[in-house]
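Working notes, structure below.
Counting from 1, the numbers follow the sequence of the chain as shown. Order of listing sets the numbers, starting from 1, for every ligand and every atom in it.
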Amino acid sequence: MKDILIRQVRLLDPAGNTDQIGSLLIRDGVICDPSLADETAFVIDGTGLTAAPGLVDLHVHLRDPGQTWKEDILSGCRAAAAGGVTSLLAMPNTVPAVDTPETVRYILQKAEEADARVYVVGAITKGLKSEEPTDIEALYRAGISALSDDGCPVKNTAMMVEAMKTAARLQIPVTAHCEDPYLAGGKVNEGPVSEALGVKGMPDAAEEAGTAREIALAAAYGVPVHICHVSTARSAAMIREAKARGVQVTAETAPHYLMLTEEEVLSRDADYRMNPPLRTEEDRQAMIRALCDGTIDAIATDHAPHSPEEKADFEAAPNGSIGMETSFAAAYTVLVEGGFLSEGELIRKMSASPAAIARIPGGSLAIGAPADLFFYRKEAWTVDPEALHGKSKNTPFKHRTLSARVKLTICRGKIVFDGLGIL
Ligand code: DOR
């Protein structure tokens, strides 16, 4: 592989406290001292670009095995690359679920060829059914990096406790989709909007009851838990309070909860339906505050591809929206343009911080670090769903103008997304 030398680029690495113009040399998949470059290197003029550590997305549905009309490992990783994401955690609600070592190995093997690093999340219960625990040790030996029954929260609290204890011993995170299963099944946020639409709502209490349980378990047993896609003000308040008393809880929210509210579903467009649902303006502002004060540690997408046919009927459509290609741009637009976070703080929430939660490499531009990085610039662009790189087009940011754009992504030292037209 040829060396890559990027000149005159703004190097923004919050983990290394760096924000300066300089050069970067990439050799054999590693970030190297640029003074080692020779004339054989492939040179990129970085003028006007910012280089940052590759994004780490803690919450992605790749649909492979089993639902590859929606997405597959390779297409999902192409979408990741186009969004600056170089590492992702792939959720286990595939068909079959990721509940055997064979399925773990299948994903890891296919991912070797992919444009992003894929870390596999193993299921806590067989078939995500909350009936029988998986053999976590066997899944771990096969290569899982985290545990979750995402989307189908573990109903049996004792089984959840066992998983949390085993995960703590193995030093992998448990990531929890917090939702009381008996209050689940709504289509949109419960309240005036669900009433206006005449559809069943998802109450805040469903998420908050789940959040309260996972915090209580983490506190009682002295083990960590990671709370997925926080969407209500009171969930954030519970996490804030738990952190203040030393509970080992971390949390993520998603760009759609930062930019959009339940008003979007009044259009009866199922691309705005996801679980948890878009909430109120008050909740949206609470998510921003929680990110700013450190209550929420990371931004993840919950990239959930579904085909246009599946999304055609507003009420019958499955929950979920895609997000990896727009996550940085959307978060930048709300948080940096809105004056809430600096660019460095945003990048930390999308790289070093999630990497630390998942205990995986990433989040650094230091010499010797893996060459996983992306380049962006401030640029207004309008999201065209048809121009996105994944298989599904169900983006809630469609036709929105965002104010930063990923221009180049390098993963394992290789250019995996070229938005500059240099290849
Ligand atoms: O909106 C969602 N989509 N929430 C989930 O919990 C699951 C996900 C999916 O797999 O489509």
Determine whether any heavy atom of His306 lies closer than 4.0 Å to an atom of ligand 1.
yes
Which atoms from ligand 1 have a heavy atom of Met274 less than 4.0 Å away?
1 (O)
The answer for which part of His61 has a heavy atom under 4.0 Å from ligand 1 is side chain
Gly320 to ligand 1: N or O pair under 3.5 Å?
yes
Pair His59-Asp150, side chain to side chain donor-acceptor pair (under 3.5 Å): steps then yes or no
CA-CA 9 Å; His59 200 134; Asp150 182 64; 3.2 Å; yes
Option of least heavy-atom distance to atom 1 (O) of ligand 1 (set: Val60, Asn275, Asn93)
Asn275
Proximity of Met91 to ligand 1 by residue part, where a heavy atom lies under 4.0 Å:
neither
Atom 6 (O) of ligand 1 sits nearest the protein heavy atom His177 CE1, 3.0 Å
Rounded distance [0.5 Å steps], CD in Gln67 versus CD in Glu310:
7.5 Å
Of Ile410, Leu420, Val406, the one forming a side chain to side chain contact (heavy atoms under 4.5 Å, CB included) with Phe375 is Ile410
Identify the closest protein heavy atom to atom 9 (C) of ligand 1: which residue and atom is it, and at what distance?
Arg63 NH2, 3.4 Å
Inter-residue atom distance Arg105.CZ - Leu139.CG, 0.5 Å rounding
10.0 Å
Ser75 vs Glu71, side chain to side chain donor-acceptor pair (under 3.5 Å): CA-CA, chis, key distance, verdict:
CA-CA 6 Å; Ser75 69; Glu71 195 78 285; 2.6 Å; yes
Take Lys349 and Glu252, measure what salt bridge (charged side-chain N to carboxylate O under 4.0 Å, His left out) needs, and give me the verdict at the end.
CA-CA 9 Å; Lys349 298 264 186 205; Glu252 71 191 35; over 6 Å; no
How long is the span from the NZ atom in Lys126 to the OG1 atom in Thr100, to the nearest 0.5 Å?
10.0 Å
I want to know if ligand 1 touches Asn319 in the polar sense, i.e. an N/O pair below 3.5 angstrom.
yes
